[in-house]
Amino acid sequence: MGEVSGLGPADVVAMLDAPVGAYVHVPFCTRICPFCPYNKVVPRTGQPGRYFAALLGEIRRYLDAGIAGPGGFTSLYVGGGTPTLFPEALAELLADFPVAGERAIEVLPTHGTPERLDTLRAMGFSAVSIGAQSFSDDVLRHLRRPHDAAETRAAVEAAVGRFDLVDVDLIVDVEYDDAHAGAFLRDLRTCLELGADQVSTYPLMRFGYTPFGRARHERRREHEVLAAATDIAASYGYERRSVWTFNRRSSASYTSITRRRFLGFGAGSSSFLGRNFLVNHFGVETYIAAVDRGELPIARRLQLGGAGGLAYDAFWQAYAGAIDLPALQASYGRLADVLRAPLALGAPAGLFAQPSGDGIHALTPRGFDRYHDLERWVTYHLIEPLWAEMLAEHDREGGRAAWATTVSARRGPLWPVVSRVLERPRPGQHR
Ligand SMILES: C[S@@+](CC[C@H](N)C(=O)[O-])C[C@H]1O[C@@H](n2cnc3c(N)ncnc32)[C@H](O)[C@@H]1O
Ligand code: SF4
């Protein structure tokens, strides 16, 4: 096992092989939803102020090293947690943040009032994602969400027309949905009728460390429900743009994870730089302490190399609906040619459309089904054990995040292999 220590901003700048987007994580929620696997805590008194000061410190160190280039970051994505919880602190943080393109933020429906949305607009946000999950009070109670159907609808109505791009998130728990008269497809119609530019339809992921706990997935039913969603979306003039998103045909895409290169700021954020994957400390106090010591708050590093970087890049390109071979060749040179054979076989197997001659290989509906299964496998075998390990920092800090217990996380057969090549701090360091 290697050690991740002593990395400075100049080292990270040297790892980057292309212009980079920024991700900023706000790890606070006032109430914790029992299905949610993300890095968040209920804030302690005084903690948000210290956290935003540390965020500014981390951002400044990277900017001073020239990470963003003269044009600024290619895009900005603010996620959480609940990034709309402390709007004044966020406005101050982002006042001089250099961004050339889109600025996007996740909005909890209770914060989606016209006044709060106008504040986000004034901060320069051009795209919002409303965490609706459902327009059914029964489903929202099942998910134990902190808002009801009326608030959800009001937030979407207020957002549409105020921003260049409005995404609405829905969660579908297929087993619950089948037993409760199919609210999900009605929810999808509601989003389309309200004029969302994009609807993200996430099948509920059951992380072992959340209070919802693990459950078996009805794989076939999930495929069927998403196929039905594709037909409904098409009847409203929307297309399936990625494995779990539907877009109005003329709209841009709202994306968080599919930027080709991104640098994460804040506790629990990660960065992909082409051949390296970095993960920041998850524990809010551990993160603040690292920044206060004058260190970068990086807790894990995976040196992917060219082959691993190519695999990572191609995986998220496929999520977004198409593998762009020329773009991969530009980044990874001849290495990318290993994809030629599987891509050539993928068309007759019905996974990719016939190549159009420009080297772009778009997934077919069957390809989306296979990708859906692969994505879930990756989530449970790699993301869940990594996050469980990182969330243990909160246990040491006594942070209130409401997960069942991190030892109840899954650990698949691949995790021990990845875990061995993951660089961690020296024992005793970063405590
Ligand atoms: C960081 S969260 C939400 C931001 C905001 N705090 C909210 O709840 O509205 C982003 C999205 O992830 C999705 N999500 C959260 N937990 C999930 C799970 N276990 N499975 C699938 N999607 C999930 C939800 O649709 C959510 O809107
Ligand atoms: S889904 Fe719930 S717990 Fe998770 S980030 Fe959103 S509000 Fe917080």
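One is the number of the first residue; the rest follow in order along the sequence. Counting starts at 1 for both ligands and their atoms, in listed order.
Every side-chain hydrogen bond (donor to acceptor under 3.5 Å, both in side chains) that Asn247 has, sequence neighbours left out, goes to Gln198, Ser251. Residues satisfying the side-chain hydrogen bond (donor to acceptor under 3.5 Å, both in side chains) test with Ser134, not counting sequence neighbours, are Asp187.
The one candidate from Trp387, Tyr209, Phe207 that meets the ring pair (Phe, Tyr, Trp, His ring centres under 6.0 Å) condition with Tyr38 is Trp387. Remark: of the listed residues Tyr23, Phe97, Phe262, Tyr23 is the sole one forming a ring pair (Phe, Tyr, Trp, His ring centres under 6.0 Å) with Tyr77.
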Show the short N or O contacts, below 3.5 Å, that ligand 1 makes with protein N or O atoms; if there are none, say 'none'.
unit_1, atom_1, unit_2, atom_2, d
ligand 1, 6 (N), Gly81, O, 2.9
ligand 1, 8 (O), Arg145, NH1, 2.9
ligand 1, 8 (O), Arg145, NH2, 3.1
ligand 1, 9 (O), Arg145, NH2, 3.2
ligand 1, 19 (N), Phe35, O, 3.0
ligand 1, 19 (N), Met205, O, 2.9
ligand 1, 20 (N), Met205, N, 2.8
ligand 1, 25 (O), Gln133, OE1, 2.7
ligand 1, 27 (O), Gln133, NE2, 2.8
ligand 1, 27 (O), Asp169, OD2, 2.7

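Of the charged side-chain nitrogens involved, none lies within less than 4.0 Å of a carboxylate oxygen, so that Arg216 and Glu175 do not count as a salt-bridged pair. We find that Arg61 and Asp64 are not joined by a salt bridge, their nearest charged nitrogen and carboxylate oxygen being 4.0 Å or further apart. Electrostatic pairing of Asp164 and Arg121 counts as a salt bridge here, judged by a charged N lying under 4.0 Å from a carboxylate O.
Arg241 and Ser253 are linked by a side-chain donor-acceptor pair at a separation below 3.5 angstrom, with hydrogens and angles left out of the test. A donor-acceptor contact closer than 3.5 angstrom links the side chains of Asp373 and His223. A donor-acceptor pair shorter than 3.5 Å can be found between the side chains of Arg260 and Ser331.
Less than 2.8 Å away from atom 2 (Fe) of ligand 2, the protein contributes these N/O/S atoms: Cys33 SG.
The distance from ligand 2 to the heavy atoms of Gly81 drops below 4.0 Å at these ligand atoms: 5 (S).
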